[in-house]
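Below you'll find the structure, written out as structure tokens, and then a few comments.
All figures in this text were calculated on a predicted structure; none of them were measured in a lab.
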Amino acid sequence: AVQLVESGGGSVQSGGSLRLSCVVSGYTPSNYVMAWFRQAPGKKREGVAVFDSAGSTSYKDSVKGRFTLSHDSSKNIMYLQMNNLKPEDTAMYYCAADLIPKRLTMATLREALFNYWGQGTQVTVSS
């Protein structure tokens, strides 16, 4: 079975940095799509960044220039480097993957497109 496990969350002060990791196990496809979502208390889950099957990366406007998604295909690991964190970045962060190749941007990113999800890792940013 395909499994995704996130790590790297924690508590930081505003302006700090964290790097989230998402390890994919149980399958080694030639190409697939992966994304980071987040859900703040009382809010809907939203997409943060996506890496599609063509190798393109897209970001939510509010994190552009601060967050960087990278992908080590040899190790099946996806990272989210988060710099200059703000209190509004506080949320549970989830990685998601799907084995069906597709082109995606933030405009077309939808939770329903992903069949595999991690358990989430909490990020808390204090002012």
Main chain of [Y], side chain of [X]: is a donor-acceptor contact present, judged purely on distance under 3.5 Å?
X	Y	result
T90	T124	no
K102	I100	yes
Q81	R19	no
D52	R103	no

Same cluster (ILVMFWY, side-chain, under 4.5 Å), V33 and M106: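 Same cluster.
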Hydrophobic cluster membership, Y93 vs I77, 4.5 Å side-chain cutoff: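 In one cluster with Y93: I77, no.
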Full working for side-chain contact (heavy atoms from CB on, under 4.5 Å) between S70 and M78: CA-CA 6 Å; S70 60; M78 178 176 65; over 6 Å; no
Would you check if [X] and [Y] make a side-chain contact, meaning some heavy-atom pair closer than 4.5 Å?
X	Y	answer
F67	V48	yes
Y79	L69	no
R66	D89	yes
L80	T68	no
E6	S21	no
C95	Y116	no

Working for side-chain contact (heavy atoms from CB on, under 4.5 Å), residues V2 and V24: CA-CA 7 Å; V2 177; V24 182; 4.2 Å; yes
Parallel, tilted or perpendicular, as decided by the 30° and 60° cut-offs, for the rings of F37 and W117: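 W117 and F37: tilted rings.
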Aromatic Y94 / basic R38 pairing, under 6.0 angstrom, 45° off normal: no
